[in-house]
Amino acid sequence: MSIFTQEIERQLYQISTFLQEDIKQILLDKGHNATGELVESIKNTVSRGSDMFTIEGSMAKQGEFVINGRLIGAKGVPIDALVKWIQNKNFSNGISSTRGLAFAIQKSIKKKGIKPDDFIGEVFDKNKGLIERKLDEAVGNALTLSLTNLVNNAQQFA
């Protein structure tokens with residue numbers, strides 16, 4: 001692997017780590033941390049193909065529902081997921097049936113829906129300039145390292 005490629009990869013790992021932490025923080029700031037499962041599931045990796053790099057992200061299934069919301073009348077939220085959410089939020093204190101409350105919440109969600117919250121798009125929009133600067137910096141650093149290496153190698157043979 002060339003010095004150029006190594007430097008680009010190193011810089012992309014830094015960008016990836018920054019985005020991962022910023023996505024987690026925005027979830028916490030918006031209160032999407034009832035179980036902590038979604039926040040902890042946010043992962044980014046840098047993959048190298050034959051001629052390019054890709055930053056790939058993954059998250060728990062419920063992240064899709066946070067991003068896309070729930071349409072009015074859509075299929076109900078799984079009761080077990082609601083029960084877990086109710087217990088984590090301590091909404092079940094003094095209520096005789098947590099499952100009954102879960103069914104009531106499910107009915108309300110089907111009736112009213114859930115507003116979408118594209119937290120990932122928000123992070124990318126907020127950091128667009130920073131990402132562009134970091135990518136420019138990565139390419140600039142990689143070119144500088146490559147040219148320096150080229151010059152040093154050429155001097156050995158002069």
Side-chain angles (χ1 to χ4, degrees), residues 1-78 80-90 105-106 109-110 112-158:
M1 183 182 327
S2 72
I3 291 175
F4 180 86
T5 305
Q6 290 172 347
E7 179 62 15
I8 294 289
E9 187 172 22
R10 188 182 73 74
Q11 294 285 343
L12 286 175
Y13 272 108
Q14 287 181 355
I15 292 168
S16 174
T17 301
F18 169 80
L19 290 174
Q20 179 176 306
E21 294 309 311
D22 208 28
I23 290 168
K24 287 180 177 185
Q25 189 58 54
I26 203 165
L27 283 169
L28 294 171
D29 293 347
K30 291 177 167 233
H32 295 302
N33 62 334
T35 65
E37 216 173 281
L38 178 56
V39 172
E40 289 306 311
S41 74
I42 302 296
K43 304 284 185 243
N44 289 346
T45 59
V46 176
S47 299
R48 185 169 152 242
S50 60
D51 62 348
M52 65 183 222
F53 288 97
T54 307
I55 296 176
E56 298 173 352
S58 63
M59 67 182 160
K61 181 82 172 150
Q62 64 261 40
E64 293 176 38
F65 297 110
V66 173
I67 291 170
N68 298 319
R70 279 277 201 195
L71 294 174
I72 294 171
K75 182 180 172 184
V77 177
D80 290 340
L82 286 172
V83 166
K84 187 175 180 182
W85 179 80
I86 290 166
Q87 290 169 341
N88 283 316
K89 287 287 194 176
N90 289 323
I105 292 171
Q106 182 188 57
I109 291 171
K110 283 181 96 169
K112 298 177 186 175
I114 297 175
K115 183 181 169 192
D117 183 358
D118 185 5
F119 59 92
I120 292 178
E122 189 175 324
V123 167
F124 277 92
D125 289 345
K126 178 180 93 173
N127 293 300
K128 183 180 178 191
L130 176 71
I131 294 167
E132 288 173 355
R133 281 191 308 278
K134 286 288 192 185
L135 289 173
D136 285 346
E137 184 182 310
V139 171
N141 288 346
L143 283 172
T144 300
L145 282 171
S146 291
L147 289 172
T148 301
N149 192 38
L150 183 65
V151 168
N152 288 341
N153 286 339
Q155 287 176 343
Q156 290 177 357
F157 297 108

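Positions are given from 1 along the sequence.
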Please report the shortest heavy-atom distance between Val77 and Gln106, naming the atom on each side. O-NE2, 2.7 Å
I need the Phe124 CZ to Leu19 CG distance, nearest 0.5 Å. 4.5 Å
Would you say the side-chain atoms of Gln20 pair up with the backbone N or O of Asn44, donor to acceptor, closer than 3.5 Å? yes
Taking it one step at a time, do Trp85 and Ile105 satisfy side chain to side chain contact (heavy atoms under 4.5 Å, CB included)? CA-CA 11 Å; Trp85 179 80; Ile105 292 171; 3.9 Å; yes
Does the side chain to side chain contact (heavy atoms under 4.5 Å, CB included) test come out yes or no for Gln14 and Glu137, once each step is laid out? CA-CA 12 Å; Gln14 287 181 355; Glu137 184 182 310; 5.6 Å; no
Are the side chain of Ser16 and the backbone of Leu12 linked by a donor-acceptor contact shorter than 3.5 Å? no
Nearest-0.5 Å distance, CD1 of residue Ile114 to CD1 of residue Ile72: 11.0 Å
Is there a donor-acceptor pair closer than 3.5 Å between any side-chain N or O of Ser41 and the backbone N or O of Leu38? yes
Is it true that a side-chain atom of Arg70 and a backbone atom of Lys75 form a donor plus acceptor pair closer than 3.5 Å? yes
So CG of Leu143 and OG1 of Thr148: to nearest 0.5 Å the spacing works out to 10.5 Å
Would Val139 and Gln11 satisfy side chain to side chain contact (heavy atoms under 4.5 Å, CB included), going step by step from the backbone distance to the final call? CA-CA 9 Å; Val139 171; Gln11 294 285 343; over 6 Å; no
To the nearest 0.5 Å, tell me how far Asn141 CG sits from Glu7 CD. 5.0 Å
Worked check of side chain to side chain contact (heavy atoms under 4.5 Å, CB included) between Ile120 and Ile23: CA-CA 6 Å; Ile120 292 178; Ile23 290 168; 4.3 Å; yes
I'd like to know if the side chain of Asn88 and the backbone of Lys84 have a donor-acceptor N/O pair within less than 3.5 Å. yes
Would you compute the distance between atom CG of Asp125 and atom CD1 of Ile131 and round it to the nearest 0.5 angstrom? 9.5 Å
Only one of Ile26, Asp22, Asp29 clears side-chain contact (heavy atoms from CB on, under 4.5 Å) with Phe119; which? Ile26
Show which side-chain atoms of residues 54-65 pair as donor or acceptor with protein atoms under 3.5 Å away, not counting sequence neighbours.
{"unit_1": "Glu56", "atom_1": "OE1", "unit_2": "Ser47", "atom_2": "OG", "d": "3.3"}
{"unit_1": "Lys61", "atom_1": "NZ", "unit_2": "Glu64", "atom_2": "OE1", "d": "3.4"}

Between Val39 and Lys24, the two heavy atoms sitting closest are O-CE, 3.3 Å
When rounded to the nearest 0.5 angstrom, what is the spacing between CD in Glu122 and CG in Asp117? 6.5 Å
Does CG belonging to Leu130 count more than 12 external heavy atoms closer than 6.0 Å? yes
